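Please read the structure below before turning to the comments.
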Amino acid sequence: MHRSMERWSEQFGPFFRFQVGHRRIIGVADPGAIGTILRDRPDGFRRTQLLETVLDELGVGGVFAANGSAWRAQRKMVMSAFDTRHVKNYFPALSRVTERLYRRWSAHAASGVAFDLQADLMRFTVDVIAGLAFGVDCNTIESEGETIQTHLNHVFPMLNRRLSAPFPYWRWLRLPADRALDRHLAVVHLEVAALIAKARERLAHNPSLKEAPENLIEAMLIEREAPGTRLTDRELAGNVLTMLLAGEDTTANTLAWLIYLASSRPSVMRRLSDEALDVLGPAPFAERLDQVSALNFTAATAHETMRLKPVAPIILLQANEPKVIGDLALPAGTVVAALMRGGSMDERYFERPRSFEPERWLGPAWMGPAWMGPAWMGPAWMGPGSMGPAGSGTPSTSRERISMPFGAGPRICPGRNLALLEISMVTSMLARNFDVIEMRTADGAQVDEWLSFTMAPSKLLVTLARRRSTPGPAQGMRAG
Ligand code: HEM
C-alpha cells in the first residue's frame with residue numbers, strides 16, 4: 001500500500017487524490033506541508049475517525065487513538081512516564097534485559113543455528129516496555145513457548161486489514177481471521193487485567209507510591225481514582241495495550257532494518273564494532289548511560305536506518321475544520337495520508353538519497369542523544385521547535401525536518417528517547433560480540449518491505465558467530 005502511494009506521488013506530484021471504497025483520500029508527500037499538518041494538532045487535524053473507532057473496537061482506545069481533550073489529558077499522563085528522568089532511572093533494568101538478549105544470542109552463536117531475528121527483538125522490546133511502563137519483569141526473552149508477545153503479533157496485521165477494508169465487514173461477518181483475532185485479544189486483555197491488578201496491589205501496600213508513582217500504570221491508576229477524573233477503566237486498559245503495541249513492533253522492526261542494512265555494508269558494520277569495542281571495553285553490553293551517550297556512530301546509524309526505512313511510512317490524519325495546505329483547500333473531514341518518506345528520498349535534501357550512509361548524521365547538527373538532558377539541543381523533531389503550537393513558523397529544510405521517523409508536533413512519539421536508547425543498547429551489544437555470518441529471508445526471496453501497521457522487513461533468519469578479533473564483512477546477502 002505505502003509503495004503504491006509513493007509511486008503515485010512520483011507520478012502525479014507531492015499532492016494527489018485517490019479513493020479506497022467510498023473514501024476519498026489526499027496523499028501528501030511534501031515534507032513542509034506534512035510538518036505543517038502534524039504541528040496543527042490537536043485543533044486543526046486529528047487521527048482519523050476510522051482509526052479511532054477500529055482501535056476502540058479492539059479495546060486499544062488510548063493516547064494513540066484519542067483526539068481533542070481526551071487526548072490532551074492522556075498525553076500529559078503518558079509523557080510523565082517517558083520523561084528523561086524516568087528513562088534514566090530505568091537504565092539498570094534495561095541493561096539487565098540487554099544482558100538476557102546477549103545470553104540468548106551467545107547460545108545461538110554457540111549452536112550455529114539460524115534464528116528468527118524479529119521474534120527475538122520483539123521479546124526484547126516487550127520486556128523493556130513492560131519493565132518501564134508497568135514495573136513488571138516479564139522475561140519473555142528467557143521463556144519458551146507462548147508469551148504475551150505471541151498474541152500481540154496478531155493484532156497489527158488485522159488492524160491494518162480493517163483500516164484498509166472498503167467497508168467494516170467484521171461488524172456483520174466474522175471471518176476465521178477475525179475469530180482468531182478475538183481469541184488472541186481475549187488472552188492479551190486477561191494479561192493486561194493482571195498487570196493492572198498487580199499495580200493496584202502495589203499501590204495498596206505502599207501508599208507512598210500515590211505521591212510518587214514509579215511507572216505509567218501506577219500513574220494511570222492514581223489518575224483513575226482521583227476525584228472528577230475523566231479516565232475510564234476501558235481507557236486505562238486501552239493505554240496499557242497501546243504501550244505494548246506502540247513500543248513493540250516499532251522498535252523491533254527498526255532494529256531489524258538496522259541490522260539488515262548495516263550487515264550489507266561491511267564498512268558500517270566494522271565501524272559499529274570498533275566503536276562498541278572502544279566504548280564498552282571488556283563489558284559485553286553497556287552498563288552505564290554515559291557509555292550509550294558516547295555511541296555516536298551507532299546513533300547516526302539508527303537515524304540513517306529510520307530515514308530509509310521509517311517503520312511508519314504513512315501517517316493518516318483528518319481535518320477537523322476547513323484547511324488550506326499549499327494551494328489545496330481541504331474541506332472539514334478530509335482524510336490526508338502523509339507519506340513520510342517523500343523528502344527523505346529527494347536529492348534536494350539528501351545527496352545520494354537511496355544510499356545507506358550513516359556518516360551523513362555525524363557532525364555539528366548531531367550533538368548527542370536526547371537522554372543527555374535539557375542542555376542538549378537535539379534534532380528538530382525532538383526539540384522544543386517541534387513541540388510548538390499549531391502552524392508555528394515556516395518549516396525549515398534542515399534534514400531533521402525532512403526525515404521525521406517519530407512524526408512531529410504535539411503528537412510526536414513519546415517513546416522516542418526510550419526507542420533510541422534500546423536501539424543503541426542492542427546494536428552495540430551485537431556489534432561488540434558477534435559477527436553476522438549469514439542473513440537470509442525465511443522464504444529465500446529478496447528482502448522486502450511489509451506493511452502491517454508498521455513496516456517490517458521480510459522475516460529474517462540470522463546466523464551469528466562470536467566476533468573474530470577483526471570484524472569481517474557479512475556474507476550471503478545484499479541490501480535490496
Ligand atoms: C523506533 C521506534 C519508534 C518509532 C519509529 C515510532 C514512531 C511513531 C510515530 C511515527 C508516531 C506518530 C507520531 C505523530 O502522529 O506525529 C508515534 C506515536 C506514538 N508512539 Fe512511537 N515510535 C517508536 C517507539 C515507541 C515506543 C518505544 C513507545 C512507547 C512505548 C511509543 C509510543 C507511542 C505512542 C503512545 C504514540 C502516540 C502519541 C500520540 O498520539 O500522542 N513509540 N510513534
Side-chain angles (χ1 to χ4, degrees), residues 34-42 45-48 51-52 55 60-68 70-83 86-87 90 94 121-122 124-134 152 215-217 220 238-258 299 302-303 305-318 336-341 370 381-382 386-387 390 403-427 453-456:
I34 291 174
T36 305
I37 293 172
L38 293 178
R39 283 178 197 93
D40 189 4
R41 293 181 292 177
F45 287 86
R46 47 168 286 150
R47 298 226 189 272
T48 63
L51 181 77
E52 189 172 357
L55 278 171
V60 195
V63 65
F64 187 84
N67 289 290
W71 168 78
R72 269 185 229 272
Q74 294 179 51
R75 172 82 187 193
K76 208 166 139 230
M77 206 167 55
V78 166
M79 283 312 287
S80 66
F82 287 93
D83 65 13
H86 270 95
V87 175
Y90 180 65
L94 176 59
L121 292 171
M122 288 198 194
F124 172 82
T125 53
V126 163
D127 285 359
V128 169
I129 202 68
L132 177 75
F134 316 135
L152 285 173
N215 50 52
L216 177 64
I217 203 163
M220 286 196 296
N239 270 312
V240 172
L241 202 41
T242 297
M243 289 304 142
L244 282 170
L245 285 167
E248 186 201 10
D249 283 46
T250 45
T251 314
N253 287 334
T254 302
L255 266 163
W257 279 120
L258 184 154
H303 291 288
T305 300
M306 292 190 287
R307 181 184 71 83
L308 284 174
K309 305 290 180 189
V311 294
I314 302 169
I315 298 183
L316 287 172
L317 303 134
Q318 194 162 14
V336 171
L339 274 58
M340 302 306 289
R341 199 155 44 173
W381 41 260
M382 281 185 179
S386 59
M387 309 293 248
S403 173
M404 297 177 277
F406 293 109
R411 296 196 76 154
I412 191 170
C413 173
R416 61 199 184 282
N417 291 349
L418 174 68
L420 288 169
L421 189 52
E422 289 178 73
I423 292 168
S424 286
M425 293 290 282
V426 173
T427 305
F453 203 66
T454 63
M455 184 181 83

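Numbering of ligands and ligand atoms starts at 1, following listing order. Just so it is clear, the structure is predicted and the values come from calculations on it, not from any experiment.
- Partners of A252 according to the side chain to side chain contact (heavy atoms under 4.5 Å, CB included) rule, which considers only residues two or more places apart in sequence or in another chain, are L121, M122, T125.
- Considering only heavy atoms from C-beta on, L152 comes within 4.5 Å of L241 through its side chain.
- Residues satisfying the side chain to side chain contact (heavy atoms under 4.5 Å, CB included) test with A456, not counting sequence neighbours, are N253.
- Between W71 and R411, the closest side-chain pair of non-hydrogen atoms falls below 4.5 Å.
- Take R46 and apply the salt bridge (Lys or Arg N to Asp or Glu O under 4.0 Å) test, not counting sequence neighbours, and it matches E52.
- For the pair F45 and N67, the minimum side-chain heavy-atom distance is 4.5 Å or more.
- For a heavy-atom separation below 4.0 Å, the residues in contact with ligand 1 are R41, R47, V63, F64, W71, R75, F82, I129, M243, A246, G247, T250, T251, T254, V311, A312, I315, P405, F406, G407, A408, R411, C413, P414, G415, A419.
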